[in-house]
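All ligand and atom numbering here is 1-based and tracks the order in the structure.
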Amino acid sequence: MMTMHKAYITAVGTYLPEKILSNLDLEKLVDTSDEWIISRTGMRERHIARDDEFTSDMGANAARVALDRAGMKVDDIDVIIVATLSPDYAFPSTACLIQSTLGAKNAAAFDIQAACTGMVYAMAVAKSFIESGMYKNILIVASEKLSSITDYQDRNTCILFGDGAAACIVQGEGPGLEIGKVSLGADGDQSTLLLLPAGGCRNPATKETVEKRMHYLKMDGKEIFRHAVRRMESAAIECIHQSGLKETDIAYLVPHQANLRIIDAIAKRCKIDDDRVIKVVELYGNTSASSIGLALEKLVVENRIKDKDHLLLVAFGAGLTWGSLILTARGDFTL
Ligand code: COA
């Protein structure tokens with residue numbers, strides 16, 4: 001009889017660039033205020049990569065931390081999955097660049113593009129690889145240099161985004177966080193609500209696209225806010241119920257960090273008390289695919305997870321894409 005393998009997150013790691021961009025710094029760039037940004041987003045500061053520091057560099061740094069914590073050698077990595085919307089190049093993939101930086105010569109490598117939902121999509125793919133028996137040791141990296149596609153003349157967007165990376169190791173054996181029920185979704189009909197208009201084959205780079213600032217991300221903030229709350233709520237509730245759990249069984253909510261008001265709305269709708277909601281948005285801003293990994297690492301580092309605890313991860317992003325999954329602590333899960 002075929003045995004079904006289970007997938008466990010056995011280690012996490014993060015990397016944040018040194019430079020900090022505060023709300024006061026932003027006041028000098030655009031017509032905004034510290035008070036407005038805090039009250040509308042909950043953000044105080046975000047990290048910004050150096051000019052010579054790229055998505056693959058930050059990703060490799062986070063990966064090294066996770067590998068070290070897992071006690072895993074680079075040669076043992078079977079596949080590297082990278083979630084990013086700000087890759088070093090359109091191609092080759094950032095996963096291949098990270099494979100080279102790490103010297104992970106036995107690993108296959110590819111990128112996933114699901115915007116801010118990327119890490120949740122990557123965890124779903126890693127779970128399938130492990131459960132099918134195809135791979136045993138998987139490195140997931142989420143890394144973003146959003147400052148490279150952010151228009152620091154546009155106050156509607158430039159206050160929101162930050163740079164950073166998170167990584168996790170997914171293996172066929174625990175102890176760790178078992179990846180349980182996954183719920184993913186997408187709505188391509190709403191693709192224009194948040195996008196990078198130029199640089200792809202539809203609008204290749206020209207003098208005009210540069211002059212029109214089309215190589216920076218554009219967003220309809222109000223509409224995105226509305227969809228984010230609705231989609232994250234339904235994905236989260238579906239995941240909880242299809243796992244045979246109740247809202248009160250969730251020990252921690254680990255949401256995508258786009259806006260404190262969005263996080264609070266999801267927590268309220270999922271009936272999860274504030275002290276069980278993990279928030280890093282205040283210090284990191286929205287780091288897209290990396291944000292859920294940065295939040296998960298905070299929870300792990302604080303050593304708050306106990307055996308059998310259920311964690312609910314939920315994310316939303318451009319596409320539109322959304323996803324939720326349940327992680328259950330199995331055994332003594334420490335770093
Ligand atoms: N500083 C000061 N005022 C600003 C501002 C800023 N940085 N940005 C916008 N404003 C102004 C607007 O121009 C508007 O002025 P008006 O009423 O004179 O037109 C006013 O503030 C209100 O703007 P509004 O868009 O209604 O604010 P909001 O409460 O919806 O907050 C966002 C704006 C962007 C913070 C919010 O919509 C949001 O977080 N959306 C989701 C973003 C997101 O999650 N993106 C990533 C998806 S993964």
Give a yes-or-no answer on whether the side chains of N203 and T209 include a donor-acceptor pair shorter than 3.5 Å.
->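 N203 vs T209: no donor-acceptor pair found between side chains.
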Would you kindly say whether S86 and E144 are connected by a side-chain donor-acceptor distance under 3.5 Å?
->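 There is such a pair between these side chains.
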Nearest protein heavy-atom contact for [atom]: which residue, which atom, what distance?
atom: atom 9 (C) of ligand 1; value: N156 OD1, 3.2 Å
atom: atom 46 (C) of ligand 1; value: N286 ND2, 3.5 Å
atom: atom 1 (N) of ligand 1; value: T32 OG1, 2.7 Å
atom: atom 43 (C) of ligand 1; value: I224 CG2, 3.6 Å
atom: atom 33 (C) of ligand 1; value: W36 CH2, 4.0 Å
atom: atom 45 (N) of ligand 1; value: M219 SD, 3.2 Å
atom: atom 44 (O) of ligand 1; value: A258 CB, 3.3 Å

Closer than 4.0 Å and a protein heavy atom, does any atom meet both conditions relative to [atom]?
atom: atom 14 (C) of ligand 1; answer: no
atom: atom 18 (O) of ligand 1; answer: no
atom: atom 39 (O) of ligand 1; answer: yes
atom: atom 22 (C) of ligand 1; answer: yes

Worked verdict on R213 versus D151 for salt bridge (Lys or Arg N to Asp or Glu O under 4.0 Å) | CA-CA 8 Å; R213 310 184 78 74; D151 185 351; 2.9 Å; yes
Atom indices of ligand 1, in the order listed, that fall short of 4.0 Å to a heavy atom of [X]:
X: F316; value: 48 (S)
X: I159; value: 7 (N)
X: C116; value: 48 (S)
X: R261; value: 29 (O), 31 (O)
X: I262; value: 44 (O)

Without placing hydrogens or testing angles, list every side-chain donor-acceptor pair under 3.5 Å for residues 41-49, not counting sequence neighbours.
| from | atom 1 | to | atom 2 | distance (Å) |
| --- | --- | --- | --- | --- |
| T41 | OG1 | I37 | O | 2.6 |
| T41 | OG1 | M43 | N | 3.0 |
| R44 | NE | E282 | OE2 | 2.6 |
| R46 | NE | I159 | O | 3.2 |
| R46 | NH1 | L21 | O | 3.0 |
| R46 | NH1 | N23 | OD1 | 3.0 |
| R46 | NH1 | R44 | O | 3.4 |
| R46 | NH2 | N23 | OD1 | 2.9 |
| R46 | NH2 | I159 | O | 2.8 |
| H47 | ND1 | P17 | O | 2.5 |

Pairing of [X] and [Y] as salt bridge, 4.0 angstrom limit:
X: D75; Y: K73; result: no
X: K19; Y: E53; result: no
X: R231; Y: D187; result: yes

Any nitrogen or oxygen of [X], side chain or backbone, less than 3.5 Å from one on ligand 1?
X: N259; answer: yes
X: G221; answer: yes
X: T41; answer: no
X: S33; answer: no
X: H256; answer: no

Tell me, with the steps shown, if E27 and R155 meet salt bridge (Lys or Arg N to Asp or Glu O under 4.0 Å).
-> CA-CA 10 Å; E27 282 183 4; R155 71 175 183 172; over 6 Å; no
Please list every donor-acceptor pair under 3.5 Å in which a side-chain atom of residues 167-179 meets a protein atom from a residue at least two apart or in another chain.
| from | atom 1 | to | atom 2 | distance (Å) |
| --- | --- | --- | --- | --- |
| Q171 | OE1 | T10 | OG1 | 2.7 |
| Q171 | NE2 | N137 | OD1 | 2.8 |
| E178 | OE1 | R330 | NE | 2.7 |

Test item: L184 and Y121 side chains (from C-beta on) under 4.5 Å apart, heavy atoms |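 Heavy-atom side-chain distance check passes, below 4.5 Å.
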Considering E35, R40, H227, which one's heavy-atom position lies nearest to atom 28 (P) of ligand 1?
->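 Among E35, R40, H227, the closest heavy atom to atom 28 (P) of ligand 1 comes from R40.
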Where the closest heavy atom to atom 30 (O) of ligand 1 is concerned, which of E27, R155, K222 has it?
->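 Answer by nearest heavy atom: K222.
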Determine yes or no for a side-chain-to-main-chain donor-acceptor pair under 3.5 angstrom, with D309 supplying the side chain and T328 the backbone.
->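 The answer is no, because no donor-acceptor pair under 3.5 Å joins these two groups.
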So I326 and L245, side-chain contact (heavy atoms from CB on, under 4.5 Å) or not? Walk me through it.
-> CA-CA 10 Å; I326 302 278; L245 299 171; 4.2 Å; yes
Please lay out, stage by stage, how V79 and F110 fare under the test side-chain contact (heavy atoms from CB on, under 4.5 Å).
-> CA-CA 8 Å; V79 60; F110 64 97; 3.9 Å; yes
Closer than 4.0 angstrom: is that true for some heavy atom of I37 and an atom of ligand 1?
->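 Not so, I37 does not reach ligand 1.
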Answer with side chain, backbone, both or neither: which part of V30 has a heavy atom less than 4.0 angstrom from an atom of ligand 1?
->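 The answer is neither; V30 stays 4.0 Å or more away.
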Return yes when atom NZ of K218 has more than 12 non-hydrogen atoms of other residues, nucleotides or ligands closer than 6.0 Å, and no otherwise.
->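 More than 12 within 6.0 Å, yes.
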More than 12 heavy atoms of other residues, nucleotides or ligands under 6.0 Å from OH of Y152: is that the case?
->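 More than 12 within 6.0 Å, yes.
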